[in-house]
> 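Before I ask anything, here is the structure I am working with.
Numbering of ligands and ligand atoms starts at 1, following listing order.
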Amino acid sequence: MRLHILGKKMSTQRRNVIKTLGVGSLAAGAAASTFPKPAISQDLREWRMVTTWPANFPGLGTGANLLGELITKMSDGRLTVRVFGAGEIVPAFESMDAVGNGTVEMGHGAPYYWQGKVNAAAYLAAIPFGLTAQEQNAWFYYGGGQELADKVYAEMGAKFFPSGNTGTQMGGWFNKEMNSLADYQGLKMRIPGLGGKVVAAAGGTVVNLPGGEIPPALQAGQIDATEWVGPYNDLAFGLYRAAKYYYYPGWHEPATVLENFINLDAWNGLPDDLKAIVETANRAVNVTVLSEFVARNNDSLSTLVNEHGVELRPFNDEILAGLGQLAGEVMSDEASADPLSREVMDSLLSFREMAKSWAGVSEQSFMTARLLPFEFAQPSGG
Ligand code: CA
C-alpha cells in the first residue's frame, strides 16, 4: 500500500522533471542555433585511449573497450572516450609516452611494460610467487597499493588505476618434460619480466617475443617453451599445435594486473563527479575482466584437454621450490635498484606475508577440501 503511494509520488515527480528537461533542452537548442559554440560545449570532453592490445583482443582489448563505454555512458557523454588498438595512434609500447606528454589523455596496458621507464612499475603487474588476484586488489584498495602506484606513475606524468586482472596464469607450453630444476639449463623459453629473470637464473636462455610471433617460433623449434596467459588466450593462439606439455601453475604471474593510466594534467582538470565516474568505471572493469578470464578459462581448459588432447602437467615441488628460492634472490637484487622500488617491494612483501596466513586457513584450505574424493551433486543432464 505504502509502496503504491510512493510509486504514484515518484511518477508525478518524474513528469515534472521531464517537463523541466523539455523546456531546458528546447532553450539549449535555440541557443545553439543562434550563437556559435555555446558555453555548454566547454563541459563536454572527448578523450582518446590508446592501448597496448590489438583492437578488440579477447579479454584485454575488450576490457579497454568496456572502460571507454562505461565512462561515456555514466557521464552521459560529458566525458566521451574513444578507444584505439595498438598501432592505431602509436605503437603498443609508446602508449605511456603518448599519455605522459599529452598526445592522448588515457591508456590501457600492463604495468610491467613500463619497467624501462620506472623500475618499480614491474612489481605492480605481478611478482613471481606473489599475490592472487583478490589479494592484489585487496592491496590496491586497502593495503596502500593505490597510493604507491600513483607515486610510481606520477614519475611518468600519469594517474594509475587497476583495470582488470588475468587471474592465475599457466606455467607454459613445453616440448620436453620438466622433471627437475636442472631441466631449465639451456632451455630456450619465451617468458617476459621478472619470471624471465628467474628462468635465466636457473640457467635458461630467455627470449622475448611479442605475442603474434610466439606460435611460429615454437612450431619452428626456435624456442623450446613459452608462456603466454592461460587457457582462454592460449587456445585462441593455437599454442597446443606447437607444444606437447602444458605445465601449471603460473608461478611467475600468479595474477597479472591490467592498468588504466591517465595524463596527470587531464586527470587533475576533471571535476569531482567525473573523477568519481572514471574511478568507479575502473573498479567495474577490474572485476568484470577478472570474471571473464575465470569463466573462459574454465571452458577453454576443458576444450584443450578434451578436444585437443593437451597433456596437463604439474611442476613438481622440487622445481617450484627451486624457482621460488631463485625468485627471492632475483627480487632482492631488483628492489635494491632504487628507493621507490624498495618501497613498493617492501609493501608487497609485507602484504604477502599476511595474505599467506589468511589464505592458508581460508581459500587454500577450502580448495583442498573441495577436491577430496566424496560424491557430490551433479548438474541434471550433465
Ligand atoms: Ca604471461
Side-chain angles (χ1 to χ4, degrees), residues 51-54 57-64 86 92-93 108-116 121-133 136 162-174 178 184 187-200 202 204-215 217-218 223-240 242-243 245-259 289-290 292-294 296-297 300-301 304 310 312-313 315 319-320 323-324 326-327 330-331 334:
T51 68
T52 60
W53 324 117
F57 195 82
L60 305 170
T62 53
F93 298 148
H108 200 272
Y112 47 37
Y113 294 144
W114 321 123
Q115 185 174 19
Y123 314 141
L124 299 171
I127 60 172
F129 296 93
L131 304 177
T132 66
Q136 189 77 58
S163 189
N165 196 303
T166 67
T168 308
Q169 300 203 357
M170 284 292 283
W173 299 87
F174 291 75
M178 300 299 286
Y184 276 98
L187 184 86
K188 252 184 136 180
M189 180 168 187
R190 182 269 178 195
I191 175 169
L194 294 167
K197 292 190 172 162
V198 175
V199 167
T205 304
V206 174
V207 180
N208 271 323
L209 292 174
E213 290 175 29
I214 298 173
L218 193 59
I223 50 176
D224 307 313
T226 186
E227 70 82 56
W228 177 229
V229 184
Y232 179 33
N233 288 159
D234 293 6
L235 173 66
F237 254 177
L239 289 170
Y240 59 90
Y245 309 111
Y246 198 17
Y247 272 91
Y248 64 92
W251 54 271
H252 60 298
E253 292 186 67
T256 302
V257 171
L258 312 175
E259 39 147 34
V289 169
L290 174 61
E292 183 183 5
F293 270 103
V294 172
R296 305 274 188 251
N297 280 336
S300 304
L301 181 65
L304 284 169
V310 165
L312 275 181
R313 293 284 175 96
F315 286 122
I319 291 180
L320 290 172
L323 292 170
L326 291 171
V330 164
M331 281 184 293
E334 290 280 314

> Which atoms form the tightest heavy-atom contact between Phe174 and Ala225, and what is the distance?
CD2-CB, 3.5 Å
> Report the relative orientation of the aromatic rings in Phe57 and Phe237; use parallel for angles under 30°, tilted for 30 to 60°, perpendicular for over 60°.
perpendicular
> Any idea which N/O/S atom from Glu227 gets closest to the Ca ion (ligand 1)?
OE1
> Suppose we only allow N, O or S atoms; which atom of Glu253 ends up nearest to the Ca ion (ligand 1)?
OE2
> For this output row, return yes or no: ring centroids of Tyr113 and Phe93 closer than 6.0 angstrom.
yes
> Regarding Trp228, does it place an N, O or S atom less than 3.0 Å from the Ca ion (ligand 1)?
yes
> Do the ring planes of Phe315 and Tyr184 sit parallel (below 30°), tilted (30 to 60°) or perpendicular (above 60°)?
tilted
> Backbone or side chain, does Gln169 get an N/O/S atom under 3.0 Å to the Ca ion (ligand 1)?
yes
